[in-house]
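Inspection log for the structure reproduced underneath, given as structure tokens.
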Amino acid sequence: MNHSIDRRTLLGAGGALAASAILPAWAQTPPTIRFAAVFSDKDIRAEMMNMLAKDVAADFKMEMHLNSTLFRQGTELVALQRDNLEMGNIAPQDISKQVPAWSLLTSAYLFRDANHLTQFFASDLGSQMKKIAEDQLKVKILGPTFFGTRHVGLKGKKKITVPADLAGVKLRMPPGETWQLLGRSLGANPTPMAYAETYTGLQTGAIDGQDNPLPNVQNMKFYEVMGEIVLTSHLVAFDVLTINMKTWNSMAPAKQKAFQAAADKAMAWSAAEHTKREADLAESFRKAGLDVYVPNINAFRDHAQKVYLASDDAKNWPAGMLDKINALK
């Protein structure tokens with residue numbers, strides 16, 4: 001057997017080895033993007049993220065950490081800022097802790113529906129608010145993840161018509177002062193509690209009720225320990241799909257464009273699915289034995305707006321922004 005290797009073969013092999021040595025690691029193995037969120041794998045948004053992961057699989061490996069298994073609720077934003085996390089589903093209430101102007105976007109009865117929300121983020125007004133947050137937080141906001149309209153759900157069957165009827169009711173709200181203000185704007189006694197603890201809180205009587213969109217009530221089976229759902233429609237609920245700036249800047253412009261397009265597609269699908277699911281769930285809960293009804297919405301809206309306009313939060317809202325958002329058709 002001839003074991004000789006000619007000079008041309010040796011040089012060719014050396015060149016191939018040298019070329020592979022200078023290739024960046026991600027060119028051979030797609031980099032991992034860890035995603036953290038409070039929602040469960042039963043949530044529509046989990047399917048949204050699976051859709052995104054599939055569409056970017058050629059360039060990135062998405063690693064899902066749901067149910068607050070990687071970071072507890074409310075700490076994901078800081079993890080992004082500290083480069084301890086690549087991607088998260090961030091509540092605007094958490095953003096407002098560092099960017100007070102964003103408290104406007106957390107106020108009750110601001111957005112009329114999912115279309116109004118989407119229109120806002122696609123407008124110059126939305127771009128302005130995104131830039132304020134991105135400049136201060138040093139993260140990249142991809143867009144809003146609508147997950148339904150928040151309503152009040154209670155253990156008993158106390159008829160709720162106006163905010164005064166919620167006086168003294170211990171209403172579970174996520175931790176954070178912005179959330180407590182939302183609870184007070186409804187006339188309730190807000191009680192901070194983690195999302196994952198809400199079912200047990202209702203079951204044991206630690207809380208009298210909770211506020212969530214109907215798909216969340218179904219996903220977390222809150223309806224099993226509730227007697228009624230008051231369709232207050234007090235908040236068009238959304239988070240923002242957010243990526244760590246170091247991760248975003250590591251992408252070439254073409255990859256950023258493709259990633260944004262994939263995120264837009266997934267978020268649009270999720271919003272449509274939530275809207276469709278909401279339309280069916282109210283009747284489903286009625287059939288399950290819950291009282292489901294609409295209170296005096298005008299009374300709730302008027303009360304909430306007075307509470308917000310009298311709050312310290314309103315002092316931080318960009319001048320004229322509230323009226324401009326209301327004027328969007």
Side-chain angles (χ1 to χ4, degrees), residues 35-40 43-49 51-52 66 73-74 76-77 80 87-99 101-123 125-134 137 139-151 173-174 176 178-179 181-183 185 195 210-217 219-220 232-243 260 263-279 304 308 313 317 321-322 325-326 328:
F35 172 79
V38 65
F39 55 75
S40 76
D43 198 290
I44 293 170
R45 290 167 294 176
E47 297 178 56
M48 171 191 78
M49 291 307 300
M51 178 183 293
L52 173 60
L66 308 181
Q73 185 176 11
E76 303 94 339
L77 176 57
L80 288 171
M87 194 171 183
N89 191 59
I90 308 301
Q93 289 79 5
D94 292 334
I95 291 178
S96 72
K97 293 175 186 176
Q98 299 185 50
V99 185
W102 264 62
S103 65
L104 169 60
L105 304 186
T106 71
S107 60
Y109 297 102
L110 175 66
F111 296 112
R112 295 183 294 273
D113 51 32
N115 287 335
H116 189 201
L117 171 71
T118 301
Q119 185 183 18
F120 164 74
F121 271 97
S123 72
L125 300 176
S127 296
Q128 179 183 335
M129 293 299 283
K130 280 175 59 179
K131 187 175 188 307
I132 290 172
E134 289 174 342
L137 301 175
V139 296
K140 170 66 179 176
I141 296 174
L142 298 172
T145 54
F146 168 74
F147 60 96
T149 302
R150 297 183 87 98
H151 306 288
M173 303 299 293
T178 303
W179 285 110
L181 176 58
L182 177 61
S185 79
Y195 186 54
Q210 56 82 39
D211 90 306
N212 263 293
L214 299 186
N216 288 27
V217 173
N219 296 337
M220 301 301 286
T232 48
S233 302
H234 55 272
L235 190 73
V236 173
F238 74 97
D239 294 323
V240 284
L241 202 57
T242 306
I243 194 164
Q260 180 69 66
D264 289 343
K265 172 187 169 185
M267 289 185 289
W269 173 86
S270 178
E273 285 296 306
H274 276 95
T275 301
K276 189 189 310 179
R277 185 80 59 87
E278 281 189 304
Y308 273 96
D313 280 18
W317 296 352
M321 181 66 75
L322 175 61
I325 293 176
N326 286 333
L328 286 173

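Sequential numbering from 1 along the given sequence is applied to the chain's residues.
- A donor-acceptor pair is defined here as one N or O able to donate and one able to accept, closer than 3.5 Å; such a pair exists between the side chain of Gln260 and the backbone of Leu142.
- Asn326 and Arg112 get closest at one heavy-atom pair: O-NH1, 3.4 Å.
- In this structure, the salt bridge (Lys or Arg N to Asp or Glu O under 4.0 Å) partners of Asp239, at least two apart in sequence or on a different chain, are Arg45.
- Residue Thr106 holds its OG1 atom at 7.0 Å from CG of Leu181, rounded to the nearest 0.5 Å.
- Of all heavy-atom pairs between Trp317 and Ser103, the closest is NE1-OG, 3.0 Å.
- Partners of Ser96 under the side-chain hydrogen bond (donor to acceptor under 3.5 Å, both in side chains) rule, at least two apart in sequence or in another chain, are Thr178.
- No side-chain N or O of Gln119 forms a donor-acceptor pair with one of Asn115 less than 3.5 Å apart.
- By the salt bridge (Lys or Arg N to Asp or Glu O under 4.0 Å) test, Glu273 pairs with Lys276, sequence neighbours left out.
- At a threshold of 4.5 Å between non-hydrogen side-chain atoms, the residues Leu104 and Tyr308 do not count as touching.
- For Ser127, there are no side chain to side chain contact (heavy atoms under 4.5 Å, CB included) partners two or more places apart in sequence or in a different chain.
- Scanning all heavy atoms of the two residues, the minimum distance from Ala304 to Ala108 falls at CB-CB, 3.8 Å.
- The shortest distance between side-chain heavy atoms of His151 and Pro213 does not fall below 4.5 Å.
- Between Leu182 atom CG and Ser107 atom OG the span is 9.0 Å, to the nearest 0.5 Å.
- Under the rule for a ring pair (Phe, Tyr, Trp, His ring centres under 6.0 Å), the partners of Phe120 that lie at least two apart in sequence or sit in another chain are Phe111.
- Of the possible donor and acceptor atoms, one in the side chain of Arg150 sits under 3.5 Å from a partner among the backbone N and O of Asp211.
- One finds the CE atom of Met129 at 4.0 Å from the CG atom of Leu105 (value rounded to the nearest 0.5 Å).
- Smallest separation of non-hydrogen atoms from Glu278 and Pro215: CG-CD, 3.8 Å.
- At least one donor-acceptor pair under 3.5 Å links the side chain of Glu134 to the backbone N or O of Ile141.
- For the pair Gln210 and Val217, the minimum side-chain heavy-atom distance is below 4.5 Å.
- The backbone N or O of Ala266 lies less than 3.5 Å from no partner atom in the side chain of Ser270, so there is not a single donor-acceptor pair.
- The shortest distance between side-chain heavy atoms of Val236 and Leu110 does not fall below 4.5 Å.
- Under 3.5 Å, the side chains of Thr145 and Asn89 contain a donor-acceptor pair of N or O atoms.
- Thr118 is not listed as a side-chain neighbour of Phe146, based on a closest heavy-atom distance of 4.5 Å or more.
- Closest non-hydrogen pair, Met87 versus Leu52, comes out as CE-CD2, 3.7 Å.
- Summarising the geometry, atom CD belonging to Glu76 is positioned 6.5 Å from atom CG belonging to Asp94; distances are rounded to the nearest 0.5 Å.
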Worked check of side chain to side chain contact (heavy atoms under 4.5 Å, CB included) between Asn216 and Asp43: CA-CA 7 Å; Asn216 288 27; Asp43 198 290; 4.0 Å; yes
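- Trp269 contributes no side-chain N or O that, together with a main-chain N or O of Met48, makes up a donor-acceptor pair within less than 3.5 Å.
- Checking side-chain atoms of His234 against main-chain N and O of Gly183 turns up no donor-acceptor pair under 3.5 Å.
- Rounding to the nearest 0.5 angstrom, the gap separating the CZ atom in Phe147 from the OG1 atom in Thr275 is 13.0 Å.
- Every residue two or more places apart in sequence or in another chain was checked for a salt bridge (Lys or Arg N to Asp or Glu O under 4.0 Å) with Arg277, and none qualifies.
- Between the side chain of Gln73 and the main chain of Tyr195, a donor-acceptor pair closer than 3.5 Å is present.
- Here CD1 of Ile325 is found 8.0 Å from OG of Ser123. Values are rounded to the nearest 0.5 Å.
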Residue pair Phe121, Phe238: steps toward the ring pair (Phe, Tyr, Trp, His ring centres under 6.0 Å) verdict: CA-CA 11 Å; Phe121 271 97; Phe238 74 97; 5.6 Å; yes
Ile90 and Leu80: CA distance, side-chain angles, deciding distance, side chain to side chain contact (heavy atoms under 4.5 Å, CB included) verdict: CA-CA 10 Å; Ile90 308 301; Leu80 288 171; 3.9 Å; yes
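- The side-chain heavy atoms of Phe39 and Met49, taken from C-beta on, include a pair separated by under 4.5 Å.
- Under the 4.5 Å side-chain criterion, counting only non-hydrogen atoms from C-beta, Ile95 is in contact with Leu77.
- The shortest non-hydrogen separation linking Ala46 to Leu66 is CB-CD1, 3.9 Å.
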